[in-house]
There are 2 protein chains.
Amino acid sequence: MTGGRRVRLVDVAREAGTSVSTVSRVLNGSEQISFEVSNHVRSVAARLGYRADGAAKELKLGQVRTIGVTVPDLANPFFPEVLKGLGAGARAAGYRLLISESGEDPDEELRLTEELTSHASALVLCSSRLRPKHLARILDGPIPVVCVNRTAKQAGVVCVDYRSGSRQLLDHLANLGHRRIAYVGGPPASWSDGQRRRTLRTLTRKMGMELAEITGGWSGDHGYDAGPEVLGIGATAVITFNDLVAIGLLSWLHDTGVAVPGAVSVTSYDDIPVAAYARPPLTSLRNQRAQLGRLAWDHLSARLAGDQWPQPVMLTPTLIVRASTGRPLENGEADPA
Amino acid sequence: MTGGRRVRLVDVAREAGTSVSTVSRVLNGSEQISFEVSNHVRSVAARLGYRADGAAKELKLGQVRTIGVTVPDLANPFFPEVLKGLGAGARAAGYRLLISESGEDPDEELRLTEELTSHASALVLCSSRLRPKHLARILDGPIPVVCVNRTAKQAGVVCVDYRSGSRQLLDHLANLGHRRIAYVGGPPASWSDGQRRRTLRTLTRKMGMELAEITGGWSGDHGYDAGPEVLGIGATAVITFNDLVAIGLLSWLHDTGVAVPGAVSVTSYDDIPVAAYARPPLTSLRNQRAQLGRLAWDHLSARLAGDQWPQPVMLTPTLIVRASTGRPLENGEADPA
DNA sequence: ATGAAAGCGCTAACAA
DNA sequence: TTGTTAGCGCTTTCAT
């Protein structure tokens, strides 16, 4: 940067020997400007390096064209892909994304959303960790809110159908002959973890299976650390909160010499790209993350246009069966690996 | 959202039976306000759900407190960690991050940076893919710019020292007895790929090694697809642009039945968390990503305070040796795996 | 086709 | 301690 004050409209006008309105019209592509003046103003503006002041423009125009987005953690590959889908739609409509990361902290997320409320024209909360009371407060605020992977009244809602996903996972494991399942859970404030837990509990009971719940988290380390407990619990199959946890767990099992899927099957949610590259490749529930983002934009877009919120959308994930799941040894079969 | 117009300062003032300045003072924590008035105004503001208009506030204050950030791709785990470090520093100083993703497209990045220039008080370009001419134009603009992983005049510069890293990688491989190395490259517009390439070329020549360069990219798929060429080229060791590429390549080698590191050693740059969980665990160059972000903020912070840019910083990465590298078979030894 | 001026919502200097 | 008001940089109506 060359330093010095910011160049304003009036500076360009003075330098070009014309008025601010003319400059404004030229730079905003108004029709009724003579060709010469237009060219002259343009060249002066370029020479001076004029950039419109965003704040002033927005204040005058009364619209911000910015979508505030919160995610618990950008390092979780789930979110960047949602943001891609969201960003594509938003950008096409002339909106920017203002992305903030809460670090899985509900209080920080509250601070961020309050902050964003005064800077954005809408909010997209991805896997919000907000306490219900605070979420309600935000939803009651002046700008529209879409929740991704969390349900809410008075908001757009776009979710992965984790209940269906959990059912698919259990069906798959049941068909293979598993009866004793461990679930390595996710972050405490996670709505989607709650969804999975409840469904897993209900279904395992119905299906005559046993479910052991283990404290987990969202990262590879959480999975690695859960290894001993998983083994101690005597489950023949493990479901983890997400692929990162599963990969960490696989790594511990490998280091410990436990055969997968011979001694224990491992499967999880999300099917992020590296799931296919895990050893063994991970059976996982593929969700359409970019589609989730795209739909979030569609909802917002409708609402910003003055319509009511569209009906909540639930995207059904697809089970991708790979080599990390197989028949349990206890069924009397030899390890196929 | 409940709908209806936005509540302004004057609405609160009217409802509270006082003036705008009093309300403004209360809400901004000025001292000279009677306790009762303060409480009353606060409760009215809360009841009405007042949120300050960010644009107006910024226009008046003449400062945006927003740092515009561009990254080529949020799905590359390198960037979220840089953003964490950057965001921590920025937040502590009352700045927000406005994160945008260019999708590895130089033209899109140009559009984004021009856009951000009028909405942010500073820019941080992570691994910028801008053409030199366009980068120069941005640097010549009205707001300060920090480049992460790219050098530039008139800007703050914070880089990983890929030359040192490349040297460490080659020394490690040379010590193991490798002579014929393949480099699976990165995205075409990547400055850091250029750094690595040049250093690898120079050093291999000096060290009496051979270097074969293979077209790659930044994702697991790029690595997987590069498999056949890597094998065909007859190298005993492969260096890839980053860990994602390496993991994809490892996967192809596994599927093809090529022993690692028995038949071929694999190593790469970045040491993202999953590198430790790859099979075999990946020898990789650990860089301090969060530190990179923190330093980027320090540079910006100094500049925003009116100082000159600090000297460019180069962070030296550390080689983390794991099981994916070993002695080549050609040296007459048996595969230790 | 161009210019003058009002006013977006807010903060702060000045007045009371 | 509180109120009045100028003005941040911009767009746009209205006048010319």
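Heavy atoms only: backbone and side chains are in, while hydrogens, waters and symmetry mates are out. Chain A is the first sequence line, chain B the second, and so forth, proteins listed ahead of strands; every chain is numbered from 1. Bear in mind that the values here come from a model prediction, so they are computed numbers and not experimental data.
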Student: Verify whether one side chain among Arg51(A) and Thr117(B) offers a donor that lies under 3.5 Å from an acceptor in the other.
Tutor: no
Student: Output yes when Arg131(B) and Asp107(B) qualify as a salt bridge under the 4.0 Å nitrogen-oxygen rule, no when they do not.
Tutor: yes
Student: When you compare the side chains of Glu58(A) and His119(B), does any donor N or O come within less than 3.5 Å of an acceptor on the partner?
Tutor: yes
Student: Under the criterion side chain to side chain donor-acceptor pair (under 3.5 Å), which of Glu108(A), Glu115(A), Glu109(A) is the partner of Arg111(A)?
Tutor: Glu108(A)
Student: In whole Å, what is the span from the NZ atom of Lys60(B) to the C1' atom of dC8(D)?
Tutor: 6 Å
Student: Is the backbone of Gln63(B) close enough, under 3.5 Å, to the side chain of Arg65(B) for a donor and an acceptor to pair up by distance?
Tutor: no
Student: Rounded to whole angstroms, how far apart are CZ on Arg65(B) and P on dC10(C)?
Tutor: 19 Å
Student: Does Ser34(A) put a side-chain nitrogen or oxygen below 4.0 Å from OP1 or OP2 of dT2(C)?
Tutor: yes
Student: Mind calculating the distance between CG (Leu9(B)) and C1' (dT11(C)) to the nearest angstrom?
Tutor: 9 Å
Student: Is there a side-chain polar atom (N or O) of Thr22(A) under 4.0 Å from OP1 or OP2 of dG3(C)?
Tutor: yes
Student: Return the minimal non-hydrogen interatomic distance between Pro72(B) and Phe79(B), and the atom names on each side.
Tutor: CD-CZ, 3.4 Å
Student: Of the listed nucleotides (dA6(D), dT4(D), dA5(C)), which one gets closest to any side-chain atom of Val20(A)?
Tutor: dA5(C)
Student: How many whole angstroms separate atom CG of Leu61(A) from atom C1' of dG9(D)?
Tutor: 12 Å
Student: Report which part of the nucleic acid Ile33(A) touches: base, sugar-phosphate, or nothing (heavy-atom distance under 4.0 Å, all strands).
Tutor: sugar-phosphate
Student: I need the CD-P distance between Gln32(A) and dA15(D), as an integer number of Å.
Tutor: 16 Å
Student: Would you call Asp140(B)-Lys153(B) a salt bridge at under 4.0 Å N-O?
Tutor: no
Student: Identify the heavy atoms of Glu114(A) and Arg137(A) that sit nearest to each other, and give their distance.
Tutor: OE2-NH1, 3.3 Å
Student: Measure CG/Asn28(B) against P/dG9(C) and give the value in whole Å, please.
Tutor: 17 Å
Student: What is the distance, rounded to the nearest whole Å, between atom CG of Leu27(B) and atom P of dG9(C)?
Tutor: 16 Å
Student: Which angle, to the nearest 10 degrees, lies between the helix axes at the two ends of the helix from dA1(C)-dT16(D) to dA16(C)-dT1(D), each defined by five pairs?
Tutor: 40°
Student: Give the nucleotide from the list dG9(C), dT2(C), dT12(D) with an atom nearest to the side chain of Thr18(A).
Tutor: dT2(C)
Student: For Ser24(A), answer base if it contacts any base atom (sugar-phosphate contacts may also be present), sugar-phosphate if it contacts only those atoms, and nothing otherwise; contact means non-hydrogen atoms under 4.0 Å.
Tutor: base
Student: Please list, by residue number, the residues of residues 37-59 of chain A whose heavy atoms come closer than 4.0 Å to an atom of DNA chain C; answer none if no residue qualifies.
Tutor: Val37(A), Leu59(A)
Student: Separation of Arg25(B) atom CZ from dT11(C) atom C1', in whole Å?
Tutor: 10 Å
Student: Please tell me which of the listed nucleotides, dG3(C), dT4(D), dT11(C), lies nearest to the side chain of Ser19(B)?
Tutor: dT4(D)
Student: Specify the closest pair of heavy atoms between Ala296(B) and Val148(B), including all atoms of both residues, with the distance to one decimal.
Tutor: CB-CG2, 4.0 Å
Student: Are Asp11(B) and Arg6(B) close enough for a salt bridge, meaning some N to O gap below 4.0 Å?
Tutor: no
